[in-house]
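Just so you know, ligand 1 is whichever comes first in the structure, and atom 1 is the first atom listed for that ligand.
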Amino acid sequence: MEHMARKPLIAGNWKMNETIGEAVVLAQEISNEMEPDWLDAVAVAVCPPFTDLKPVYTVFEFDKLRVGVGAQNVYWEPSGAYTGEISIPMISAIGCAYCIVGHSERRQYFGETNEDVNRKVQALLADRTHPIDPIVCVGESLSVRESGDYITFVDAQVRAAFAGIDADVARAAIVAYEPIWAIGTGRTATPEQAQEVCSAIRETLGALFGQDVADEMRILYGGSMNEGNADLLLGQPDIDGGLIGGASLKASSFVQIVKAAL
Ligand code: 13P
């Protein structure tokens, strides 16, 4: 699915799943089922837990397959006394090309605020010598959806995430619209619902960075995306790919979604 100059991105968010051996098997299955030339038309990435990043990277490297690897979170300080945290230089050194930031599960269970998300996005975009593109997650809860104020809510999340960031570096960032009511519920947003918010996000990006930059930036949809519904979602003009949870843990489903983006 071609969207002007935007190359679609299909990214798997493995969340807290797969021990090291399981991760290597899953990565190898994905590698085996992918045709290398698909990657000319669609960018593909998987985001496993930290403990699996290096082995999963190595599987794709060994197969010379241009599937990117991303972290699911990162801390904004480069090093120091921050027990339990992982830094940008650490994930960069093992080959990460992407990093999910501000996933709703991190906001909900680990108290991540819009300010934390902004610090992480700023830190990731500051280092362009070892570029790691942030995948910035936004999306409303069911109660916000039902209140009718979801566009205002998502607009504020996007503005907060990108506060203080210049247009020339912002263009490397990716935004993922993930309505919380659609995550892991099997209740996917309809293509029209997803398009409405993704188009509003592009308007916000245009107001922040100018229309040219907004037209370059990729906006993904996430929330119960699978091989059955990917085609229609990816066909929407402002949806440039997907962030896939559950369906990314099954190689055949994930690869079918990649095919739907071609
Ligand atoms: P599901 O695809 O399991 O609904 O998860 C979506 C998600 O949260 C991806 O980040």
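When only interatomic distances are considered, the shortest N/O to N/O separation between N13 and ligand 1 falls below 3.5 Å. Residue-to-ligand polar distances keep T185 apart from ligand 1: every N/O pair is separated by 3.5 Å or more. Taking only nitrogen or oxygen atoms, main chain and side chain alike, G223 does not reach within less than 3.5 Å of ligand 1.
Nearest approach of A182 to Y221, heavy atoms of both residues: CB-OH, 3.5 Å. Closest heavy-atom contact between L262 and A41: CD2-CB, 4.0 Å.
In the vicinity of A182, heavy-atom distances shorter than 4.0 Å reach the ligand 1 atoms 4 (O). Of all the atoms in ligand 1, the ones that sit under 4.0 Å from a non-hydrogen atom of K15 are 5 (O), 6 (C), 7 (C), 8 (O). Atoms of ligand 1 lying under 4.0 Å from at least one heavy atom of S224, given by number and element, are 1 (P), 2 (O), 4 (O). Heavy-atom contacts of G246 reach the following atoms of ligand 1: 1 (P), 2 (O), 3 (O) (cutoff under 4.0 Å).
Counting non-hydrogen atoms of neighbouring residues, nucleotides and ligands closer than 6.0 angstrom, the CG atom of D212 reaches no more than 12 such neighbours.
Of the listed residues (D240, I174, V136, V197), just one forms a side chain to side chain contact (heavy atoms under 4.5 Å, CB included) with I219, and that residue is D240.
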For side chain to side chain donor-acceptor pair (under 3.5 Å), just list the numbers for N226 and S224, CA-CA rounded to whole Å, side-chain angles, deciding distance to a tenth of an Å, and then say yes or no.
CA-CA 6 Å; N226 59 39; S224 299; over 6 Å; no

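A distance-only check finds a donor-acceptor pair linking the side chain of Q195 to the backbone of D238 [under 3.5 Å].
Looking from atom 2 (O) of ligand 1 to the surrounding protein, the closest heavy atom is G245 N, 2.9 Å. Atom 7 (C) of ligand 1 has its closest protein heavy atom at E178 OE2, 3.1 Å.
Under the 4.0 angstrom criterion for non-hydrogen atoms, G186 is not in contact with ligand 1. Residue contacts with ligand 1 include G184, since one of its heavy atoms falls under 4.0 Å from the ligand.
Classification of D116 and R107 as a salt-bridged pair fails, no side-chain N sitting under 4.0 Å from a carboxylate O.
Note: the hydrophobic cluster containing Y98 does not contain W38 (ILVMFWY, side chain heavy atoms under 4.5 Å, direct or indirect links).
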